[in-house]
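Numbers for residues simply follow the sequence, beginning at 1.
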Amino acid sequence: MSMTQQAEPAVTRPPAPGPRATDGRTAQRPLVLRLLARPEVGVFLGAVAVFVFFLIAAPAVRQGSSMATVLYQSSTIGIMALPVALLMIGGEFDLSSGVAVVSSALTASMLSYQLSMNIWVGVVVALLVSLAIGAFNGWMVVRTGLPSFLVTLGTFLILQGVNLAVTKMITGNVATDDISNMDGFDQARALFASSFDIGGVQVKITVFYWLVFAALTTWILLRTKYGNWIFAVGGNKDSARAVGVPVKFTKITLFMGVGLGAWFIGMHQLFSFNTVQSGEGVGQELIYIAAAVIGGCLLTGGYGSAIGPVFGAFMFGMVNQGIVYAGWNPDWFKAFLGVMLLGAVLINLWVSRTATRR
């Protein structure tokens, strides 16, 4: 080769087609596994199974009025299950949520009736009281570092005693007086406890609120900075604090969210029945927590969704009313509840392992 002859530039040839090399970080799992790793998929399949089962076992469920009753029962659980689920994703519990509902209703009823005030005054004061209870729970948890289980158990016992003692002291009875003739009652009833007609079937307004609140909660979790804070503090609050997440603010406001839900359901109960039994609400907190757990929220926090508890609450309503429509002994409801809860915990355990598996 002549010294003056220049070598031709090397031509880079594209690699031969073939499977692209991947490592453990970039390998994509099958679509089925990715779907099953979603917190709401398992409970959705369970809700469909329960629905189909009772459609077959209880023909009365197929009627529009029966389904409206199922949805109503589900909505009264589901509205409270949403803030409870957010709190669980944030890594905390609230055992006082059931009696807090009754506390809110008692406050609005007795304040308005005993002082002969417009019912809306009682509604607003009840809202402030409910938010204050939530703020107290949250402040105690972040201030003392005690488990929220212990703090809210104490609040539960306090509210249970105060509800009964104050009601008997003021009214001389265990229930409040009828407020249906008070100023503002009709307007408040229309907002919190009215019904609307769909195809000749009366549907409670709580069903509409339930779906709206579920959409709002989903947006908060997935599209806002606050939603990122909830997942962060539930996953690891120390790491979240290290990257600038306001842990105390997030936890306190989550407890206040439960208080807001308790106020809303309390107002619904008050304006649905015109009076409130002071001893009610005990045990409901476990139903709300169970609906969230069945809906895919992990007991350890940091994982869950808002859609999952919607299906979890629907399963509760479907089983509760389905047993009645099937003509079975309603005592079996607790047994069904236990089976659903244990099954949900096992499914959630599998889901969490699937979600973290490479």
Side-chain angles (χ1 to χ4, degrees), residues 72-73 75-80 82-84 94 96-138 152 155-196 202 204-210 212-213 255-285 288:
Y72 169 63
Q73 291 290 331
S75 66
T76 56
I77 297 172
I79 290 175
M80 273 301 295
L82 289 169
V84 168
D94 191 345
S96 66
S97 56
V99 291
V101 170
V102 179
S103 297
S104 177
L106 290 172
T107 300
S109 177
M110 289 191 293
L111 181 70
S112 300
Y113 187 88
Q114 301 302 324
L115 299 181
S116 300
M117 305 176 72
N118 189 292
I119 195 66
W120 284 103
V121 176
V123 170
V124 173
V125 173
L127 172 60
L128 297 178
V129 169
S130 296
L131 293 176
I133 292 172
F136 171 78
N137 284 335
T152 58
T155 307
F156 161 79
L157 295 173
I158 292 171
L159 293 179
Q160 184 182 6
V162 168
N163 288 348
L164 182 60
V166 172
T167 303
K168 293 180 69 175
M169 181 178 63
I170 293 178
T171 68
N173 202 341
V174 295
T176 60
D177 298 288
D178 191 328
I179 62 170
S180 58
N181 294 323
M182 298 189 63
D183 293 337
F185 178 85
D186 292 335
Q187 295 85 350
R189 184 185 182 92
L191 179 63
F192 293 106
S194 60
S195 302
F196 53 94
Q202 291 295 312
K204 286 287 189 178
I205 197 171
T206 52
V207 176
F208 170 77
Y209 284 128
W210 179 35
V212 171
F213 293 159
F255 277 102
M256 293 177 69
V258 175
L260 179 62
W263 167 78
F264 188 90
I265 294 299
M267 295 305 98
H268 167 70
Q269 293 183 358
L270 174 61
F271 295 111
S272 292
F273 306 107
N274 309 336
T275 184
V276 184
Q277 293 287 334
S278 59
E280 292 182 349
V282 178
Q284 282 298 111
E285 65 282 346
Y288 304 144

**Message:** With a 6.0 Å cut-off on the ring centroids, do W263 and F192 count as close?
**Reply:** yes
Say you draw a straight line from [atom1] of [X] to [atom2] of [Y]; how long is it, rounded to the nearest 0.5 Å?
X	Y	atom1	atom2	result
N274	Q269	CG	CD	13.0 Å
L260	I265	CG	CD1	10.5 Å
L164	E280	CG	CD	12.0 Å
F264	L82	CZ	CG	11.5 Å
Q284	I77	CD	CD1	6.5 Å
Q187	L191	CD	CG	10.5 Å

**Prompt:** Can you name the one residue among Y209, Y72, W210 that meets ring pair (Phe, Tyr, Trp, His ring centres under 6.0 Å) with H268?
**Reply:** Y72
**Message:** Can you confirm whether more than 12 heavy atoms, excluding those of F208, are under 6.0 Å from its CZ atom?
**Reply:**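 Counting other residues, nucleotides and ligands, CZ of F208 stays at 12 neighbours or fewer.
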**Message:** Is it true that, when you exclude F213 itself, more than 12 heavy atoms of the residues, nucleotides or ligands shown sit nearer than 6.0 Å to its CZ?
**Reply:** yes
Which heavy-atom pair separates [X] from [Y] by the least distance, and what is that distance?
X	Y	result
I79	P83	O-CD, 3.0 Å
G279	V282	O-CG2, 3.9 Å
S97	V258	CB-CG1, 3.8 Å
N137	S96	ND2-OG, 3.3 Å
L270	A108	CD2-CB, 3.9 Å
K204	A193	NZ-O, 3.8 Å

Without placing hydrogens or testing angles, list every side-chain donor-acceptor pair under 3.5 Å for residues 176-186, not counting sequence neighbours.
| from | atom 1 | to | atom 2 | distance (Å) |
| --- | --- | --- | --- | --- |
| T176 | OG1 | S109 | OG | 3.3 |
| T176 | OG1 | T275 | OG1 | 3.2 |
| T176 | OG1 | V276 | N | 2.9 |
| D178 | OD1 | S180 | N | 2.8 |
| D178 | OD1 | S180 | OG | 2.8 |

**Message:** Counting C-beta onward and ignoring hydrogens, is there a side-chain heavy-atom pair between Y288 and V101 closer than 4.5 Å?
**Reply:**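 Result yes, sub-4.5 Å side-chain heavy-atom pair found.
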**Item:** Check: M110 and V166 side chains under 4.5 Å, non-hydrogen atoms
**Value:**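 A side-chain contact exists here, since the closest heavy-atom pair is under 4.5 Å.
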**Prompt:** Is a side-chain donor or acceptor of E285 paired with a backbone partner of G283 at a separation under 3.5 angstrom?
**Reply:** yes
Give every donor-acceptor pair under 3.5 Å between a side-chain atom in residues 116-135 and any protein atom, sequence neighbours left out.
| from | atom 1 | to | atom 2 | distance (Å) |
| --- | --- | --- | --- | --- |
| N118 | OD1 | W120 | N | 2.9 |
| S130 | OG | S104 | OG | 3.3 |
| S130 | OG | A126 | O | 3.0 |

**Item:** Qualifying side chain to side chain donor-acceptor pair (under 3.5 Å) pairs, either residue in residues 159-174, two or more places apart
**Value:**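 Sorted pair list: S103-N163.
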**Asked** Applying the side-chain hydrogen bond (donor to acceptor under 3.5 Å, both in side chains) test to T206, which of S195, S75, S272 qualifies?
**Response** S75
